[in-house]
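Report on the following structure.
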Amino acid sequence: MKRKILALILATAMVFGLTACGGSEEASTSGGSGDLIKVGIINNDPNESGYRTANDKDLKATFTEENGYEASFAYSLKNDEQITAAQKFIQDGVDYLLLSAADTAGWDSVLQDAKDAGIRVILFDRTIDADPSLYEASIVSDMDKEGQTAVDWLKSQNLSEYNIIHIQGVMGSAAQKGRSGAVDAAVASDGWNIVTQQTAEWNAEKAQQIVQSVIDSGESFNVIYAENDDMAKGAVAALDKANISHGVGKDVIVMGFDCNKWALEELLAQNWNYDGQCNPFQSSYIDSVIKDLEAGKEITEKVIIMDEKGFDATTITQEDVDKYGI
């Protein structure tokens with residue numbers, strides 16, 4: 001008898017649920033999302049770096065059904081592919097579009113489309129060059145500050161000369177522009193010499209090839225400024241192959257960004273010299289903004305800057321590695 005009553009209750013609930021959703025095919029095939037908030041999340045390739053893997057994992061841990069979300073993910077390192085993904089999410093009728101843009105430019109039109117469709121946009125990880133009215137909030141790192149903090153540290157080393165191999169990330173990205181801009185300014189103001197300045201697109205193997213090419217040319221260098229840890233790792237592989245010493249008190253200063261745990265361990269061992277933090281854990285901030293918007297609250301802080309620092313191999317501790325390593 002109890003089973004019959006339970007079956008009747010479940011059947012009634014299913015009919016009510018379909019009626020409430022209009023009985024549409026979308027409602028019946030979406031798992032009956034009910035009041036779940038639909039978010040479309042556009043990110044860079046999670047295999048791009050340890051930072052990106054941590055960032056993607058953090059987002060997936062927050063935007064779950066248990067936390068009230070129906071989340072869809074799209075990945076690309078190319079701006080045009082990301083824009084296509086954004087258009088698809090708009091067509092799908094998401095409630096929120098979360099965006100970590102591959103490039104700072106080219107977003108006005110699609111974000112205007114999102115706004116016209118009543119879809120709220122939240123930027124994370126990276127800024128874009130777009131009218132602020134097209135997005136609700138921007139939860140980002142200050143890439144310009146990251147670059148300036150690193151360059152200020154390098155200036156403090158008071159080298160007799162600066163001959164720099166500058167390995168850049170994906171050109172046009174906020175991270176690349178911020179981290180490159182500070183170096184370019186120092187070259188102009190302080191007379192630093194750029195031996196080569198090339199993009200390795202965040203890739204360790206490409207970075208290794210760049211450094212190997214400089215080594216083969218016989219050009220003198222004493223600084224490697226790599227715009228992420230993976231590229232610094234690739235650069236060091238080329239140094240090791242050529243038996244060129246690197247790290248504290250050695251021939252070549254090695255600098256990276258992102259604070260992967262293994263990279264901070266290289267600092268602790270004094271094989272590298274500097275690593276700039278880029279905080280990947282942004283999902284709790286995004287979740288808070290969405291909750292406020294859903295409650296009808298006004299977002300008073302349009303831009304939320306992640307708290308970050310730089311680490312020096314001569315002062316870093318095991319506690320730093322354990323606390324800040326990703």
Side-chain angles (χ1 to χ4, degrees), residues 42-45 48-52 54-55 77-79 82 99-107 122-130 132 135 137-156 162 164-190 192 194 196-203 206-207 210 223-232 235 253-260 263 273-282 285 302-312 324 326:
I42 300 174
N43 206 345
N44 292 259
D45 184 351
E48 168 201 274
S49 62
Y51 167 87
R52 188 62 56 189
N55 179 248
L77 289 170
K78 297 180 179 180
N79 220 44
Q82 286 192 337
L99 172 64
S100 174
D103 196 303
T104 57
W107 284 99
I122 298 174
L123 309 181
F124 69 93
D125 180 48
R126 294 178 173 183
T127 58
I128 58 173
D129 297 327
Y135 54 88
S138 178
I139 295 94
V140 293
S141 297
D142 187 337
M143 301 298 184
D144 291 341
K145 184 178 179 181
E146 286 181 8
Q148 192 59 56
T149 300
V151 166
D152 288 345
W153 176 88
L154 185 54
K155 286 182 180 180
S156 75
Y162 286 81
I164 304 168
I165 295 178
H166 181 189
I167 307 174
Q168 297 169 294
V170 171
M171 301 303 292
S173 67
Q176 177 273 315
K177 291 170 75 173
R179 295 168 190 175
S180 290
V183 175
D184 291 341
V187 169
S189 63
D190 296 298
W192 291 0
I194 297 295
T196 190
Q197 185 180 59
Q198 298 182 52
T199 177
E201 299 180 326
W202 311 124
N203 183 271
K206 291 181 180 179
I210 290 170
V223 177
I224 290 177
Y225 183 99
E227 291 182 357
N228 82 345
D229 289 339
D230 288 286
M231 295 190 300
I253 286 176
V254 176
M255 303 175 67
F257 289 87
D258 289 350
C259 288
N260 287 279
N273 302 77
Y274 176 91
D275 205 31
Q277 186 186 20
C278 192
N279 190 340
F281 304 114
Q282 298 141 9
Y285 295 84
K302 186 84 170 183
V303 179
I304 300 170
I305 302 296
M306 307 298 291
D307 185 31
E308 297 171 337
K309 60 181 69 180
F311 293 94
D312 183 320
Y324 297 102
I326 59 173

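If you take CD on E201 and CG on D230, they are separated by 13.5 Å, rounding to the nearest 0.5 Å. Taking OH of Y285 as the reference point, atom CD1 of I139 lies at 10.0 Å (rounded to 0.5 Å).
Counting heavy atoms from C-beta on, the side chains of D45 and W202 never come closer than 4.5 Å. The shortest distance between side-chain heavy atoms of I194 and V183 falls below 4.5 Å. Under the 4.5 Å side-chain criterion, counting only non-hydrogen atoms from C-beta, L99 is not in contact with Y135. When side chains are defined from C-beta on, F124 counts as touching N43, because their heavy atoms get closer than 4.5 Å.
Remark: the backbone N or O of D103 is not paired with any side-chain donor or acceptor of S173 at under 3.5 angstrom. Here the side chain of D229 pairs a donor or acceptor atom with the backbone of N260 at under 3.5 angstrom. For the pair K302 (side chain) and P132 (backbone), a donor-acceptor distance under 3.5 Å is present.
Taking Y225 as the reference, H166, F257 meet the ring pair (Phe, Tyr, Trp, His ring centres under 6.0 Å) condition, with sequence neighbours excluded. In this view, A102 and N44, N79, Q82 satisfy the side-chain contact (heavy atoms from CB on, under 4.5 Å) rule, not counting sequence neighbours. Scanning for side-chain hydrogen bond (donor to acceptor under 3.5 Å, both in side chains) contacts around Q176 gives S180, with sequence neighbours left out. Partners of Q198 according to the side-chain contact (heavy atoms from CB on, under 4.5 Å) rule, which considers only residues two or more places apart in sequence or in another chain, are T196, I210. Considering only residues two or more places apart in sequence or on other chains, D144 meets the salt bridge (charged side-chain N to carboxylate O under 4.0 Å, His left out) condition with none of them. Take T127 and apply the side-chain contact (heavy atoms from CB on, under 4.5 Å) test, not counting sequence neighbours, and it matches S138, V140, A174. The side-chain hydrogen bond (donor to acceptor under 3.5 Å, both in side chains) test applied to Q282 returns Y51, N55, not counting sequence neighbours. Every residue meeting the salt bridge (charged side-chain N to carboxylate O under 4.0 Å, His left out) condition with D258, not counting sequence neighbours, appears here in chain and number order: R179. Contacts of K145 classified as side-chain hydrogen bond (donor to acceptor under 3.5 Å, both in side chains), with partners at least two apart in sequence or in another chain: none. Shown here are the side-chain hydrogen bond (donor to acceptor under 3.5 Å, both in side chains) partners of D312, two or more places apart in sequence or in another chain: W153, T314. Residues satisfying the side-chain contact (heavy atoms from CB on, under 4.5 Å) test with A186, not counting sequence neighbours, are V151, K155, D190, W192.
Residue E146 comes nearest to C278 through the heavy atom pair OE2-SG, 3.4 Å, listed as atom of the first residue, atom of the second, then distance. What you find for N203 and K206 is that their closest heavy atoms are OD1-N, 2.9 Å. For A207 against A200, the heavy-atom pair with the smallest separation is N-CB, 3.5 Å.
Ionic pairing of D129 and K177 is present here: one or more N-O contacts between side-chain nitrogen and carboxylate oxygen are shorter than 4.0 angstrom.
Under the 3.5 Å distance criterion, with hydrogens and angles disregarded, no donor-acceptor pair is assigned to the side chains of N228 and E48.
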Enumerate, atom names and distances included, each donor-acceptor pair closer than 3.5 Å involving a side-chain atom of residues 303-311, sequence neighbours excluded.
unit_1 : atom_1 : unit_2 : atom_2 : d
E308   : OE2    : S141   : OG     : 2.5
E308   : OE2    : N279   : N      : 2.7
K309   : NZ     : Y324   : OH     : 3.0

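More than 12 heavy atoms of other shown residues, nucleotides or ligands fall within 6.0 angstrom of atom CZ in F281.
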